Amino acid sequence: MSRYQFISNEPQQTLAFAKRLAERLQPGDVIALEGDLGAGKTTFTKGLAEGLGINKTVNSPTFTIIKEYQGRLPLYHMDVYRVQDSYEDLGFDEYFEGNGVTVVEWAHLIKEQLPKNLLTIYLYHEDEQARKLVLEPQGTRYEELCKEIF
Ligand code: ADP
Ligand code: MG
């Protein structure tokens with residue numbers, strides 16, 4: 001499996017990187033975000049939204065597990081931190097197979113329900129302002145996508 005790495009030295013760089021990725025996204029794309037609290041998963045999602053031409057503010061959904069935004073493509077923002085059981089099915093498939101882009105914070109918590117092919121991005125808290133992003137594409141679509149942006 002290929003791996004790509006990006007070092008972000010400030011929130012703006014995470015936003016810009018996500019924005020650049022967003023410009024290449026297609027209907028049905030799925031991005032899994034992994035990383036501790038404060039690693040930058042929601043910040044990355046904000047950048048994606050911006051890149052998809054979404055004007056509304058994206059924030060960490062506290063009690064809402066899935067939020068939907070309209071842009072060049074719909075964005076389905078999931079934060080599955082509060083899903084109790086990894087098999088709890090909230091109709092995720094309809095989003096993964098929908099016409100939008102799905103981004104899932106804490107994706108491993110529903111790993112049995114994730115599609116086989118997706119782009120996983122691990123975010124590591126290096127210091128106050130620095131984050132390491134490790135991209136692991138699964139499947140040719142995401143391999144190509146990574147090659148295009150790196
Ligand atoms: P998560 O969704 O992973 O819990 P958030 O994106 O909500 O994380 O929060 C990340 C926090 O870290 C924000 O307050 C953001 O401003 C800050 N931060 C500092 N440096 C960076 C960076 N390089 N990339 C992303 N966020 C950063
Ligand atoms: Mg978050």
Side-chain angles (χ1 to χ4, degrees), residues 1-25 28-96 98 100-115 117-138 142 145-150:
M1 194 204 295
S2 326
R3 266 201 178 154
Y4 299 82
Q5 186 175 301
F6 174 77
I7 301 290
S8 163
N9 293 305
E10 51 174 19
Q12 204 52 46
Q13 289 183 5
T14 300
L15 291 168
F17 179 74
K19 196 174 165 189
R20 197 153 64 82
L21 177 70
E23 282 155 11
R24 298 181 178 277
L25 292 174
D29 280 345
V30 179
I31 299 175
L33 299 179
E34 303 289 359
D36 293 339
L37 208 66
K41 301 181 296 298
T42 300
T43 303
F44 186 89
T45 307
K46 287 176 196 281
L48 278 186
E50 206 185 311
L52 290 171
I54 292 160
N55 301 317
K56 271 197 172 173
T57 306
V58 170
N59 44 36
S60 259
T62 313
F63 296 107
T64 323
I65 288 176
I66 305 171
K67 276 198 186 173
E68 193 170 334
Y69 300 88
Q70 296 304 324
R72 171 178 76 80
L73 297 171
L75 174 68
Y76 313 127
H77 179 202
M78 302 180 183
D79 184 323
V80 300
Y81 189 71
R82 281 178 184 77
V83 170
Q84 299 293 332
D85 136 20
S86 60
Y87 290 95
E88 182 179 347
D89 189 356
L90 299 173
F92 297 120
D93 271 1
E94 293 197 22
Y95 293 94
F96 298 144
V101 168
T102 307
V103 57
V104 193
E105 298 192 38
W106 304 100
H108 69 276
L109 295 176
I110 57 158
K111 67 169 180 288
E112 290 86 353
Q113 303 189 58
L114 295 172
N117 291 336
L118 46 64
L119 175 62
T120 305
I121 304 180
Y122 298 91
L123 294 98
Y124 299 96
H125 207 130
E126 299 282 281
D127 63 34
E128 199 64 32
Q129 293 280 297
R131 302 290 186 274
K132 181 168 78 181
L133 277 62
V134 177
L135 285 75
E136 282 189 10
Q138 199 72 250
Y142 300 100
L145 180 61
C146 285
K147 279 181 200 153
E148 284 173 20
I149 59 164
F150 279 91

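From a predicted model like this one, the values you see are computed outputs, not experimental measurements. Both ligands and their constituent atoms are indexed starting at 1 by order of listing.
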* Output the list of atoms in ligand 1 that are nearer than 4.0 Å to some heavy atom of Glu128, sorted by atom number. => 19 (C), 20 (N)

* Structure fact -> Closest to atom 8 (O) of ligand 1 (heavy atoms only, candidates Pro11, Gly35, Gly40) is Gly40

* Using a 4.0 Å heavy-atom cut-off, say whether Leu123 meets ligand 1 through its side chain, its backbone, both or neither. => neither

* Does a side-chain heavy-atom distance below 4.5 Å link Val58 with Lys67? -> no

* Identity and separation of the nearest protein heavy atom to atom 26 (N) of ligand 1 -> Thr43 OG1, 3.9 Å

* Determine yes or no for a side-chain-to-main-chain donor-acceptor pair under 3.5 angstrom, with Arg20 supplying the side chain and Ile149 the backbone. => yes

* Glu34 side chain vs Thr120 backbone, donor-acceptor pair below 3.5 Å -> no

* Indicate yes or no for a side-chain donor-acceptor contact from Ser8 to the backbone of Glu10 under 3.5 Å, with no hydrogens or angles considered. => yes

* Does any N/O atom on Leu37 come nearer than 3.5 Å to any N/O atom on ligand 1? -> no

* Judged by atom type as modelled, is there a donor-acceptor pair below 3.5 Å linking the side chain of Arg82 to the main-chain atoms of Ile65? -> no

* Which of the ligand 1 atoms, numbered from 1, are nearer than 4.0 Å to a heavy atom of Glu10 -> 22 (C), 23 (N)

* **Closest protein heavy atom (residue, atom, distance) for atom 7 (O) of ligand 1** => Thr42 CB, 3.6 Å

* Asked: Do Thr14 and ligand 1 have an N or O pair less than 3.5 Å apart?
  -> yes

* To do: Return a yes/no value: protein heavy atom under 4.0 Å from atom 5 (P) of ligand 1?
  => yes

* Check whether any N, O or S atom of Tyr81 sits under 2.8 Å from the Mg ion (ligand 2). => no

* **Main-chain N/O of Tyr122 paired to Lys132 side chain as donor or acceptor, under 3.5 Å** => no

* Determine yes or no for a side-chain-to-main-chain donor-acceptor pair under 3.5 angstrom, with Gln113 supplying the side chain and Ser86 the backbone. => yes

* **Parallel, tilted or perpendicular: ring planes of Tyr76 versus Tyr95, cut at 30 and 60 degrees** => perpendicular

* For the Mg ion (ligand 2), does an N/O/S atom of Glu105 lie at less than 2.8 Å? -> yes

* For Leu119 and Leu21, run side chain to side chain contact (heavy atoms under 4.5 Å, CB included): C-alpha distance rounded to whole Å, both residues' side-chain angles, the deciding distance at 0.1 Å, then the answer. => CA-CA 11 Å; Leu119 175 62; Leu21 177 70; 4.2 Å; yes

* To do: Starting from atom 11 (C) of ligand 1, find the nearest protein heavy-atom neighbour and note its residue, name and distance.
  => Gly38 O, 3.8 Å

* Structure fact -> If you compare Lys132, Glu105, Arg131, Gln129 by their heavy atoms, the one closest to atom 12 (O) of ligand 1 turns out to be Arg131

* **Sub-4.0 Å atoms of ligand 1 with respect to non-hydrogen atoms of Asp36** => 3 (O)

